[in-house]
Amino acid sequence: MSLGIHASEDARRIAKRRLPWMVFDYIDGAAGQEVGAARNRAALDAIEFKPKILCDVSNRTIGTTFFGATTQAPFGISPMGMCNLSGPGADLMLARLAAREKVPLGVSTVASTPMEQMIETAQGHAWFQLYFSGDGTGTFQLVERAKAAGYETLILTVDVPEVGRRPRELRHGFTMPFRIGPKQFIDFALHPRWSLNALFRGRPEMANFQMPGFAFDRTESRAKADWDTLARLRDAWPGKLVVKGVLDPDDAKTLQKSGVDAIQVSSHGSRQLDSACPPINALADIRAALGPDYPLFYDTGLRSGEDVVKAYALGANFTFLGRILQFAIAAGGEAGLNALWDVLRSETSITLAQLGLTQMPGPDYNL
């Protein structure tokens, strides 16, 4: 059952109608004038394929292998804060999907469900995403907690030394936790379906900070993190360490030498620096700098199976999807999420067939 979701844009269109304006613009918005988001979309659209004909592509697979594990799909789930804003129980919907598809679920520092419940529901297919903030005391407490919960992969996000200004959410007075004023009250009243569900299930909170003596300020400076911080984290974390938010080849080479297990090319969904270069354009340069065998992941702006295949063709070993999954949940709950996931799987498989491929392309693919 498609629920009217035949492409990711369908999910976004339905979500825009159903979500309060404040919540939609928090999920959908980007930094500054949102030129960066448009630039990345244009860069993805500009990538062209040369279809190959008369190839036997009757037996195709879209799964892949990395870190010694085999996935059912070539994309995982990006860490996203406060997912339960898109629909009650959204975090656990994503966790169940990760368990079924055997793909990594990024569990955000500011998730609205505790990290322990997330990795249990995901049946171990969860990575914990970490922000360094303040003097790092709380950050390293979270590292120890993730270790105790059984996480084997940590994602350090490095592209948020200060939280970017996103005017669309600021105009609505968006804060975490919510502060309800007259404008927000009217917004919620005009979207009763979402508001009644939120009232019944409880206001989403930043669940990983519900413990004595530990507060989190979303706007707190993260500017003290440096290369020594990374070295300290590498020493403290025995599992796989992924650094997310890399756009510069020289940074990537330094990370590789620093003992990082994988790099994730990303501009934080264009939510941080409006003038950042399109990550999809940086991907091939970073692959060239790292060599063909180093694990390289990609997120930002992926909206279809064709987009995913483009990222692989430019050097990615794995990709991650973000806000379009929240839109699917807002549009149709868990059924909507599963419907969009099936669409993305189908789009990916059909793209491979059109290109004469039976599996995801590697870094040596000739665009």
Side-chain angles (χ1 to χ4, degrees), residues 26 31 78-85 91 95 104-120 122 124 126-166 169 174-179 203-246 251 254-255 257-264 266 268-269 271-273:
Y26 164 67
S78 287
M80 295 176 284
M82 300 294 285
C83 282
N84 285 0
L85 288 172
D91 276 335
L105 163 69
V107 177
S108 173
T109 291
V110 290
S112 38
T113 303
M115 67 169 80
E116 293 84 359
Q117 187 177 3
M118 292 293 283
I119 192 170
E120 180 181 0
W127 299 357
F128 186 67
Q129 176 269 335
L130 186 71
Y131 287 121
F132 182 92
S133 61
D135 64 2
T137 301
T139 300
F140 280 90
Q141 288 179 8
L142 285 173
V143 170
E144 293 304 312
R145 186 172 159 190
K147 197 185 303 182
Y151 285 85
E152 297 180 354
T153 300
L154 192 71
I155 311 167
L156 176 65
T157 297
V158 294
D159 58 358
V160 194
E162 301 289 353
V163 176
R165 291 184 62 82
R166 299 190 280 272
E169 68 181 57
F174 183 90
T175 59
M176 291 194 298
F178 285 154
R179 296 191 186 98
R203 182 179 65 180
E205 302 284 355
M206 292 178 288
N208 289 321
F209 301 94
Q210 304 300 308
M211 50 187 181
F214 194 5
F216 179 79
D217 181 356
R218 177 184 175 232
T219 63
E220 184 178 34
S221 176
R222 301 162 188 175
K224 287 186 177 181
D226 58 15
W227 290 100
D228 289 338
T229 306
L230 176 67
R232 182 182 167 198
L233 182 61
R234 179 68 282 181
D235 289 342
W237 184 255
K240 299 292 187 182
L241 178 60
V242 179
V243 173
K244 178 183 185 298
V246 182
D251 282 345
T254 304
L255 288 167
K257 294 173 183 176
S258 300
V260 169
D261 296 291
I263 289 168
Q264 190 154 326
S266 170
H268 213 95
R271 291 165 71 82
Q272 286 303 115
L273 180 64

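No experiment lies behind these values; they were computed from the predicted model shown.
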Given 3.5 Å as the limit, does a donor-acceptor pair link the side chain of Tyr151 with the main chain of Val107, or not? no
Would you indicate whether the side-chain heavy atoms of Phe128 and Thr109 approach each other to under 4.5 Å? yes
Polar side-chain atom of Arg271 near backbone of Arg166 as donor-acceptor pair, under 3.5 Å: no
Gly81 versus Tyr26, closest heavy-atom pair with distance: O-OH, 3.4 Å
Least distance between heavy atoms, Ala122 atom then Leu105 atom: CB-CD2, 4.3 Å
Any donor-acceptor pair under 3.5 Å linking the side chain of Thr139 with the backbone of Ser133? yes
Without swapping roles, check the side chain of Thr113 against the backbone of Asp91 for a donor-acceptor pair under 3.5 Å. no
So, Ser108 side chain and Val110 main chain: donor-acceptor pair closer than 3.5 Å or not? yes
With a 4.5 Å cut-off on side-chain heavy atoms, are Leu156 and Val158 touching? yes
Please identify each residue that fulfils salt bridge (Lys or Arg N to Asp or Glu O under 4.0 Å) with Glu144, with sequence neighbours left out. Lys147
Can you tell me how far apart NZ (Lys244) and CD (Gln129) are? Round to the nearest 0.5 Å. 7.0 Å
Do Gln272 side-chain atoms and Glu162 backbone N/O form a donor-acceptor pair below 3.5 Å? yes
Stepwise side-chain contact (heavy atoms from CB on, under 4.5 Å) test for Leu255 and Trp227: CA-CA 9 Å; Leu255 288 167; Trp227 290 100; 3.5 Å; yes
State the CG-OG1 distance between Leu130 and Thr157, to the nearest 0.5 angstrom. 8.0 Å
Please tabulate, for side-chain N and O atoms in residues 229-237, each donor-acceptor pair with protein atoms closer than 3.5 Å (sequence neighbours left out).
unit_1, atom_1, unit_2, atom_2, d
Thr229, OG1, Asp226, N, 3.1
Thr229, OG1, Asp226, OD1, 3.1
Arg234, NH1, Gly259, O, 3.0
Arg234, NH1, Asp261, OD2, 2.8
Arg234, NH2, Trp237, O, 2.8
Arg234, NH2, Gly239, O, 2.6
Trp237, NE1, Lys240, O, 2.9

For Glu152, the side chain to side chain contact (heavy atoms under 4.5 Å, CB included) test, sequence neighbours excluded, returns none
Considering all heavy atoms, the nearest Asp159-Gly245 contact: OD2-CA, 3.5 Å
